[in-house]
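Notes to accompany the following structure.
Ligands are counted one by one from 1 in listed order, and the atoms in each one are counted from 1 as well.
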Amino acid sequence: MNILVLGSGGREHTFCWKLSQSKLCKNLFVAPGNGGTANFAKNINLKILDFEEIKKVVINHSINLVIVGPEEPLVMGIHDFFLNDKDLSGVGIIGPQKHGSMLEGSKAFAKDFMKRHQIPTAKYAEFTAENILEAELFLENSKPPYVLKADGLAAGKGVLIIEDLSEAKEELRKMLIDGKFGKASKKVVIEEFLEGIELSCFVLTDGKNFITLPMAKDYKRIGEGDTGLNTGGMGAVSPVPFVDSKFENKILDKIIKPTIEGMKLDNITYKGFIFIGLIKVGDEPKVIEYNVRMGDPETEVIIPRINNDLGIIFKALNEGDLDKIELDINPQSAATIMAVSKGYPENYEKGKVIKGIEKDNLVFHAGTRLISGQLITSGGRVLSVTSFGSDHRKAIESSYEILQKIHFDGIYYRKDIGFDL
Ligand code: AMP
Ligand code: GLY
């Protein structure tokens, strides 16, 4: 197979690293890729929302299978574009169609889906500018903290958690009336605040069958002790030490199975990853959000734990044969620590020379570029170091040892990944 991976982060580097080991993979391409993917695949520079350009690449390189990394092309309908184009029929694409992608593309759609299929989640109501007075009344009758969510995609920034009622009302007004998140906040979901510890669960489905991948926990805040601004993710561990088999079965019975069945009942044809953001409230799992892709940096700990040939898994998924796949998971713990540029997640520095990466270590690149043979930083999240250990602490320790040898000006990483486990 000739395979094309779309995206440019650590998640896509991890896919490329793993697919390059597949016996089914003849030629591997990534678009646009980064300085690390270039070691395993041919980087092709294009914009991932330019579907016509992607079509040209697919045809020119006789691509058989496309793996879509990030959510945006899916929400914009890349899968539907492939299905509706006669030149692209027969090209497999991993990632749901527009309809299924609404599970991530619209919080209101996702909440409605969960309500309809009795999937445990926070209580909520949705509002637009037209009923803003009702929304204010709803806030007045709710308990703090107030959880406000822009309905649409807002680059991970669309969720506000606010203690003070008048501040919550003001932010609500900014979202609904002033377009704080543009079109994404024309509708706002107001949700009950859930108290608990978060974890991420990943499922692969071909629409009929599904397989559950290892669980992971990521660390979203920039600062130690889970403080400061939200980021794409500063580190992750897998498995999650507080998930025992009893809790895992609850997740399977109360969340995963009803999600898959719900999609069938709603005629959502879905081929791809489902990333379920969960929170453990007491002993019960509840859904915080759905994403229609793999998590980043969760991919950097989950994929390395899978011993199977990823090309075979994707082929089976594409052909509706996931029931023939038996996962072989490395029982060791994996941990990944993300190194970021100075200033991230706000304005950050770029163009710094990266030194000290050793070939034998698992270093997945995110914001890096190779310029005249030199590796330089080009993004907020720069690279992620993954290690294994007999438990998560040992794995985390090994990643820190490796990171100490890596350098670029302004390098920052959290020193406390796993602190709450
Ligand atoms: P989301 O973009 O939906 O993942 O939300 C971002 C973050 O906000 C989540 O990872 C949680 O930490 C937090 N969050 C979202 N919804 C809730 C909720 N109902 N209760 C408590 N925390 C929440
Ligand atoms: N690590 C969280 C995400 O990928 O959305």
Side chains of Phe419 and Tyr219: closer than 4.5 Å at any heavy-atom pair? yes
Enumerated ligand 2 atoms positioned under 4.0 Å from heavy atoms of Gly295: 4 (O)
How far is atom 1 (P) of ligand 1 from the closest protein heavy atom, and which atom is that? Glu289 OE1, 3.3 Å
Tell me whether ligand 1 is touched by Ile161 - counting only heavy atoms on the residue side and a distance under 4.0 Å. yes
Taking atom types as modelled, find out whether Thr121 and Lys111 have a side-chain donor-acceptor pair closer than 3.5 angstrom. yes
Using a strict threshold of under 4.0 Å (side-chain N to carboxylate O), is an ion pair present between Glu126 and Lys187? yes
Salt-bridge present (Arg293, Glu104; N to O < 4.0 Å): yes
So is Lys18 actually on top of Phe15's ring, under 6.0 Å and inside 45° of the axis? no
Please state which protein non-hydrogen atom is closest to atom 19 (N) of ligand 1 and give its distance, to 0.1 Å? Glu191 OE1, 2.6 Å
Phe193 heavy atoms, cut-off 4.0 Å: which ligand 1 atoms fall inside? 20 (N), 21 (C), 22 (N)
Within reach of ligand 1, part of Glu195 (heavy-atom separation under 4.0 Å): neither
Ligand 2 and Glu298, any nitrogen or oxygen pair closer than 3.5 angstrom? yes
May I ask you to identify the nearest protein heavy atom to atom 12 (O) of ligand 1, giving residue, atom name and distance to one decimal place in Å? Glu198 OE2, 2.4 Å
Got the closest protein heavy atom to atom 8 (O) of ligand 1, with its distance? Val159 CG1, 3.7 Å
Answer yes or no: does an N/O atom from Leu194 fall short of 3.5 Å to an N/O atom of ligand 1? yes
Tell me whether Lys180 is salt-bridged to Glu171, with the criterion being a basic N under 4.0 Å from an acidic carboxylate O. yes
Note the single closest protein heavy atom to atom 5 (O) of ligand 2, along with its residue, its atom name and the distance in Å. Arg293 NH2, 2.9 Å
Less than 4.0 Å is my threshold; does some heavy atom of Gly233 fall inside it relative to ligand 2? no
Do Ser387 and Ser398 pair up side chain to side chain, a donor and an acceptor below 3.5 Å, judged on atom types alone? no
among protein heavy atoms, the one nearest atom 17 (C) of ligand 1 is Ile288 CD1, 3.6 Å
Say whether Arg11, considering both its backbone and side-chain N or O atoms, lies within less than 3.5 Å of an N or O atom on ligand 2. no
For Glu191, is there an ion pair with Lys107 - N to carboxylate O distance below 4.0 angstrom? no
Less than 4.0 angstrom from a charged side-chain N to a carboxylate O is my criterion; do Glu284 and Lys254 meet it? yes
Atom 16 (N) of ligand 1 - nearest protein heavy atom and its distance: Lys149 NZ, 3.0 Å
For Gly232, the atoms of ligand 2 under 4.0 Å from one of its heavy atoms are 1 (N), 2 (C)
Does any N or O atom in Lys107 lie less than 3.5 angstrom from one in ligand 1, N or O only? yes
Closest heavy-atom pair, Met234 versus Tyr412, reported as atoms and distance to 0.1 Å, is CE-CE2, 3.7 Å
Hey, does Gly277 sit under 4.0 Å from ligand 2 if you only count heavy atoms? no
Please verify the inter-ring angle class for Phe40 with His13; under 30° counts as parallel, over 60° as perpendicular, anything in between as tilted. tilted
Answer yes or no: is there an ion pair linking Lys169 with Glu136, defined by an N-O contact shorter than 4.0 Å? no
Heavy-atom nearest neighbour in the protein, as seen from atom 2 (C) of ligand 2, with distance rounded to 0.1 Å: Asp218 OD2, 3.4 Å
